[in-house]
2 protein chains.
Amino acid sequence: MSFEFKDLSERKKLILQAIIDAHISGGEPVGSKYLTQNLPISISSATIRNEMAELEDMGLLEQPHTSAGRVPSEYGYRFYVNSLMKGYEMTMKEIDELNRLTKSKQEKLDHILESAAKLMGNMTNYTSLAFKGNTPTTVITQFKTMRMGAGKFLLVMMTSDENVQTKVINHGFEVSDDSLERLEAVLNKYLCNVDLEQVTLSLISEMERAVGVEAAALINPIVKGVYDVINQNAAGELKFQGVDRLLQYPEFSDIGRFRGLLGAIEKKDDILDIVSHSKKDEINVYIGSENSVDVMNNSTLIFRTITQGDKVVGAIGVIGPCRMDYSKVIATVDYLSRNIQQMMDNDKLLPDKESEDKK
Amino acid sequence: MSFEFKDLSERKKLILQAIIDAHISGGEPVGSKYLTQNLPISISSATIRNEMAELEDMGLLEQPHTSAGRVPSEYGYRFYVNSLMKGYEMTMKEIDELNRLTKSKQEKLDHILESAAKLMGNMTNYTSLAFKGNTPTTVITQFKTMRMGAGKFLLVMMTSDENVQTKVINHGFEVSDDSLERLEAVLNKYLCNVDLEQVTLSLISEMERAVGVEAAALINPIVKGVYDVINQNAAGELKFQGVDRLLQYPEFSDIGRFRGLLGAIEKKDDILDIVSHSKKDEINVYIGSENSVDVMNNSTLIFRTITQGDKVVGAIGVIGPCRMDYSKVIATVDYLSRNIQQMMDNDKLLPDKESEDKK
DNA sequence: TTTAGCACTCAAGACCATTAAGTGCTAATC
DNA sequence: GATTAGCACTTAATGGTCTTGAGTGCTAAA
């Protein structure tokens with residue numbers, strides 16, 4: 001991107017585009033002879049060779065070896081994606097499939113993301129990724145207790161990220177209705193909207209006193225439960241589907257290369273890092289070494305985040321070799337993620353702001 | 001197993017064992033010359049060759065080609081596992097690691113299974129699998145409602161498999177405390193312990209009448225929610241960790257073979273099928289084509305289920321090439337799964353049966 | 001029954017020639 | 001000055017031949 005692409009002649013653009021298109025669909029290096037027959041203009045192979053040499057000097061093409069044709073470089077793909085690529089026209093069948101999915105509203109977000117990713121993988125024939133963000137719970141906003149039968153009750157906690165968590169508390173002994181009510185009151189008084197750091201030993205013993213003898217023994221396990229809820233996987237979850245599809249591409253027939261990528265997919269943190277530092281509300285395209293994970297040198301990562309307000313709550317995308325059908329993949333990721341985003345936005349309208357509804 | 005192994009002479013056993021041990025650690029076919037120097041008895045290479053030829057006739061050994069040494073067949077491995085293998089002595093370090101994990105009791109079962117599987121993968125250097133069974137919810141045993149602030153309430157459902165599920169119900173309009181109480185009563189009256197098949201349209205309208213005008217509109221979304229809870233992923237969840245580790249074994253340097261296995265891992269249903277039809281409370285070892293998935297011809301699957309009462313609630317295990325360090329893997333899977341099982345059993349004791357405690 | 005010895009087999013590696021694709025460069029042409 | 005024809009050159013891929021080495025099976029002797 002630190003590149004200045006403007007000074008490309010029309011003819012060079014045509015040639016570059018033809019090379020990339022041919023390489024994307026065929027996977028082989030593209031030679032001058034092939035191009036003489038597959039260009040909208042008719043020029044000789046020698047001219048094409050000269051142009052290709054210049055495009056190579058500019059860093060847009062590469063040669064695997066002297067007697068081979070040319071292959072797009074990462075910069076070449078980048079240029080293609082930024083300024084050459086034609087928009088992909090989705091077929092009715094594809095749109096139908098996508099719509100069928102996004103119609104089923106009542107699912108939970110992570111289910112939607114996962115099935116969207118699955119569909120995306122099927123359509124593009126690459127590996128799909130689904131990221132479910134986890135807006136970290138910082139505090140509990142409300143406690144409720146619910147008797148569940150002999151010897152146990154349910155502790156319901158509403159969290160600051162508008163979720164609900166429950167925990168079954170097994171107390172071997174009997175707890176009276178009175179005690180349970182007092183317990184609920186005490187929890188709401190002492191632990192609501194409270195930072196974990198502030199829960200000191202003296203606070204705990206104060207709670208134990210306040211709740212009375214009968215239920216005092218329950219305070220400790222409950223505090224532990226609160227701790228668990230707040231600290232649970234704040235990193236979010238990243239899932240991949242269809243990793244086996246990668247193996248059909250010749251760029252991964254070298255087991256060493258594939259192993260590197262598979263390692264990154266297994267470890268997850270590198271990719272998680274990329275996803276969580278990406279731009280919101282637009283398609284992110286990381287081509288080859290653009291994503292700093294060096295083991296993904298010849299892989300491309302394409303995704304778009306799903307936001308709620310200004311929080312990133314998820315992302316879906318695709319991972320595959322640099323030689324990727326960019327226009328189709330980008331169109332698919334875009335369409336699908338936009339639809340999910342819209343669902344989110346619509347859902348949001350209902351409970352909160354009727355003001356916007358009225359406008 | 002349909003094999004009769006008894007008629008193996010002591011010497012044949014020694015030779016077979018030596019071949020398998022050598023092959024497991026080295027990965028190469030084992031020849032007669034090597035064995036002359038690595039057997040507790042001293043016999044000539046010619047004798048060994050004769051014995052090996054017989055072992056091959058019996059189906060315990062195989063020859064990649066005429067001028068190569070011998071390699072254990074799947075039956076060979078099976079015999080090894082059933083009657084030859086020496087128990088693996090875990091090192092203190094390994095036991096420590098395992099214990100550290102199983103000490104942290106308060107985790108949820110799926111977390112425990114996953115981290116156990118992860119540890120197991122690290123220790124054995126194969127791919128680990130963790131299966132979290134899902135005893136299907138057949139009915140809801142109790143409903144509770146809980147007001148959650150403006151315009152929404154929480155529906156808490158206790159299910160027949162002793163779990164708790166919640167669902168936030170957004171009602172745009174106001175619902176009085178009275179209506180909410182009536183709603184709860186109606187739900188408990190009409191939907192508790194009721195098979196989904198019995199929920200007919202006329203039942204629904206009866207409920208709508210019973211609950212009163214104000215909350216009638218809520219019945220439908222709630223019934224939908226119940227439906228979702230009951231039908232949710234009854235199949236259980238199967239997760240793999242460290243798939244990339246497989247690539248370090250030469251048997252998967254052929255990309256075609258690996259692709260097959262990876263496909264099975266991705267699709268999951270075949271392996272899920274094997275796991276869910278396995279024997280309870282013992283180590284299951286599926287060597288090569290013993291697991292009917294033909295793409296796993298040269299892979300071995302080792303796991304043990306975790307049960308609660310007589311229900312299978314989970315499983316952990318390992319997947320790798322047939323040439324596997326069986327004694328170590330089996331020991332590890334066994335130790336770890338037994339500990340988790342014990343945790344489960346102990347947990348169970350607390351709330352339910354003090355009778356057993358007294359004994 | 002065991003063993004020494006020998007002929008035989010086969011995969012793997014080294015070496016070589018051939019082929020085909022594609023290039024870069026020069027000189028002629030438009 | 002841009003384009004093109006033509007040619008020498010480079011290189012990967014393919015396939016053949018030879019050699020080597022590990023390992024076997026079989027026979028005959030111990």
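Note on naming: letters A, B, ... go to the chains in the order of the sequence lines (proteins, then strands), and numbering restarts at 1 for each one.
For the side-chain contact (heavy atoms from CB on, under 4.5 Å) test with Met296(A), the passing option among Asp270(A), Leu261(A), Ile265(A), Ile287(A) is Leu261(A); the others fail.
The nearest whole Å value for the distance from the NZ atom in Lys12(A) to the P atom in dA2(D) is 11 Å. Rounded to whole angstrom, the span from the CD atom of Glu28(A) across to the P atom of dA12(D) amounts to 15 Å. Per the geometry, CG belonging to Leu61(A) stands 15 Å off P belonging to dG22(C), to the nearest Å. Between the CD1 atom of Ile15(B) and the C1' atom of dT2(C) there is a distance of 13 Å, given to the nearest Å. When rounded to the nearest whole Å, the span between CD of Gln37(A) and C1' of dG22(C) equals 15 Å. Taking atom CG of Leu35(B) as the reference point, atom C1' of dA22(D) lies 14 Å away to the nearest angstrom. His65(A) places its NE2 atom 9 Å from the C1' atom of dA21(C), with the value rounded to the nearest Å. Distance CD1 (Ile43(A)) to P (dC30(C)): 18 Å, rounded to an integer number of Å.
Partners of Thr66(B) under the side chain to side chain donor-acceptor pair (under 3.5 Å) rule, at least two apart in sequence or in another chain, do not exist in this structure. Residues meeting the salt bridge (Lys or Arg N to Asp or Glu O under 4.0 Å) test with Glu10(B), sequence neighbours left out: Lys13(B).
Taking 4.0 angstrom as the limit, Thr47(A) places a side-chain polar atom (N or O) nearer than this to OP1 or OP2 of dT4(D).
Among residues at least two apart or in separate chains, side chain to side chain donor-acceptor pair (under 3.5 Å) pairs with a member in residues 250-261 of chain B are Glu251(B)-Arg323(B).
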Name the atoms and distances for all side-chain donor-acceptor pairs under 3.5 Å in residues 240-250 of chain B, with sequence neighbours left out.
from      : atom 1 : to        : atom 2 : distance (Å)
Gln241(B) : OE1    : Lys118(B) : N      : 3.3
Arg245(B) : NE     : Tyr126(B) : O      : 3.0
Arg245(B) : NH1    : Asn122(B) : OD1    : 3.2
Gln248(B) : OE1    : Asn125(B) : ND2    : 3.2
Gln248(B) : NE2    : Arg245(B) : O      : 2.9
Tyr249(B) : OH     : Asn125(B) : O      : 2.6

Under 3.5 Å, sequence neighbours excluded: what are the donor-acceptor pairs made by side chains of residues 16-29 of chain A?
from     : atom 1 : to       : atom 2 : distance (Å)
Gln17(A) : NE2    : Asp21(A) : OD2    : 3.4
Asp21(A) : OD1    : Tyr80(A) : OH     : 3.1
His23(A) : ND1    : Glu28(A) : O      : 2.9
Ser25(A) : OG     : Asp21(A) : O      : 3.3
Ser25(A) : OG     : Ala22(A) : O      : 3.3

Sugar-phosphate means primed atoms, P, OP1 and OP2; the rest is base. With that split, encode nucleotides 23-30 of chain D 5' to 3' as B, S or - using protein heavy atoms under 4.0 Å. SBBB----
